[in-house]
Amino acid sequence: VTMSNGFESVRLDDKCIEIYDDFKRDLNYRCAVFRLSTDFQVITDMCLERNDSICQKLDTKDALERLCNHLGGGLSGDEVSNPGRWIFFNFDVDTVRPRQRKNKTLFIRWCPETVQNMDRMAFDSLTPMLIKELFIRESQVDACQVKDIEELVGKLENESI
């Protein structure tokens, strides 16, 4: 699938569509991460499946830790060291008031402060195209540091998102 906003065109990898559809339908994935490749394709960067053998709240925390480690590590090779990413994360949290278990999916626009202006502009212009192409309806959150993502669990538990 090719996405276009009239000024630029980017190919959305079929695997991204398949993963996102599965993410919405079955919730088999705890987390799906997409990024822009050097050849201007939106590709899958990482997926974390749910671990049904442990408590889902613990699975959420484990997946969140793995995601933050991944984001903090950047990429290897000749690619951009830490490009913007589009993250779909399914949280299981216990809310404070009223005390109950809740499941919430967030669409996180991850664009670190270290991303160069041209790359940031490309990321910002592609985000609405991705939202439109995938029919994204999840609550949206911006993050530019790993700690922003780590703080999401507390915000979800307090229902401030």
Side-chain angles (χ1 to χ4, degrees), residues 1-5 7-37 40-51 56-57 59-75 80 82-95 101-115 119-161:
V1 173
T2 300
M3 303 182 303
S4 178
N5 64 3
F7 299 106
E8 56 191 338
S9 295
V10 174
R11 186 176 173 337
L12 176 60
D13 186 64
D14 292 339
K15 186 70 175 167
C16 292
I17 297 170
E18 179 184 318
I19 287 170
Y20 182 69
D21 285 346
D22 188 48
F23 186 88
K24 287 190 311 188
R25 188 175 48 252
D26 302 325
L27 296 177
N28 288 333
Y29 291 108
R30 174 69 61 197
C31 176
V33 182
F34 303 152
R35 69 176 174 82
L36 187 63
S37 67
F40 290 96
Q41 288 192 66
V42 176
I43 60 171
T44 304
D45 187 44
M46 178 177 91
C47 286
L48 298 174
E49 292 186 9
R50 286 178 169 273
N51 182 351
Q56 291 306 289
K57 186 175 177 184
D59 183 44
T60 295
K61 289 187 178 195
D62 176 60
L64 189 62
E65 183 176 310
R66 289 189 290 157
L67 171 64
C68 290
N69 287 338
H70 177 73
L71 294 174
L75 298 172
V80 176
N82 207 350
R85 293 183 178 91
W86 298 278
I87 303 164
F88 301 93
F89 201 101
N90 183 273
F91 291 87
D92 279 300
V93 296
D94 291 326
T95 61
R101 175 69 41 95
K102 228 178 192 179
N103 178 280
K104 174 107 176 169
T105 301
L106 294 179
F107 172 53
I108 305 166
R109 294 179 304 257
W110 162 262
C111 196
E113 295 168 344
T114 56
V115 171
D119 293 332
R120 183 177 299 280
M121 288 174 20
F123 179 82
D124 288 342
S125 70
L126 289 173
T127 299
M129 289 191 284
L130 188 66
I131 289 169
K132 181 180 178 185
E133 189 63 42
L134 295 178
F135 304 105
I136 296 169
R137 301 288 180 254
E138 287 81 12
S139 297
Q140 299 178 29
V141 178
D142 289 318
C144 61
Q145 298 177 21
V146 171
K147 73 175 184 154
D148 296 337
I149 294 176
E150 292 170 335
E151 292 171 355
L152 290 176
V153 171
K155 289 178 181 179
L156 286 165
E157 288 173 340
N158 292 316
E159 296 198 71
S160 59
I161 294 181

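Note: hydrogens, waters and symmetry copies are ignored here, and every other heavy atom, side chains too, is used.
Scanning for side-chain contact (heavy atoms from CB on, under 4.5 Å) contacts around Glu18 gives Lys15, with sequence neighbours left out. Partners of Asp62 according to the side-chain contact (heavy atoms from CB on, under 4.5 Å) rule, which considers only residues two or more places apart in sequence or in another chain, are Arg66.
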Worked verdict on Val33 versus Arg35 for side-chain contact (heavy atoms from CB on, under 4.5 Å): CA-CA 7 Å; Val33 182; Arg35 69 176 174 82; 5.7 Å; no

Quick one: do Ile17 and Leu134 satisfy side-chain contact (heavy atoms from CB on, under 4.5 Å)? Show the steps, please. CA-CA 7 Å; Ile17 297 170; Leu134 295 178; 4.0 Å; yes

Evaluate Cys111 against Asp142 for side-chain contact (heavy atoms from CB on, under 4.5 Å), listing each step before the verdict. CA-CA 8 Å; Cys111 196; Asp142 289 318; over 6 Å; no

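Between the side chain of Arg85 and the backbone N or O of Phe34 there is no donor-acceptor pair closer than 3.5 Å. Side chain of Arg11 to backbone of Ile43: no donor-acceptor contact under 3.5 angstrom is found. The backbone N or O of Asn51 lies less than 3.5 Å from a partner atom in the side chain of Asp59, making a donor-acceptor pair.
The shortest heavy-atom contact between Val42 and Val10 is CG2-CG1, 3.8 Å. Pro112 approaches Arg120 most closely through the heavy-atom pair O-NH2, 2.6 Å.
Put simply, SG on Cys16 and CD on Glu133 are 11.0 Å apart, with the number rounded to the nearest 0.5 Å. Here the CG-CG distance, from Asp148 to Leu71, works out to 11.0 Å after rounding to the nearest 0.5 Å. Note that CD1 of Ile136 and CG of Leu130 are 4.5 Å apart. Values are rounded to the nearest 0.5 Å. Glu49 CD to Asp22 CG: the interatomic distance, rounded to the nearest 0.5 Å, is 8.5 Å. Here the CG-CD1 distance, from Leu67 to Ile149, works out to 5.0 Å after rounding to the nearest 0.5 Å. Between atom CG of residue Asp14 and atom OG1 of residue Thr44 there is a gap of 10.5 Å, rounded to the nearest 0.5 Å.
Using a 4.5 Å cut-off on side-chain heavy atoms (C-beta onward), Tyr29 and Asn90 make no contact. Proximity of Trp86 to Ile131: side-chain heavy atoms (C-beta onward) are nowhere separated by under 4.5 Å. Between Phe123 and Leu36, every side-chain heavy-atom pair lies at or beyond the 4.5 Å cut-off. Side-chain contact check for Glu138 versus Lys24: some heavy-atom pair is nearer than 4.5 Å.
Looking at Val115, Val146, Asp45 one by one, the single match for side chain to side chain contact (heavy atoms under 4.5 Å, CB included) with Trp110 turns out to be Val146.
Phe88 and Tyr20 have tilted rings, their planes meeting at an angle from 30° to 60° on a 0 to 90° scale.
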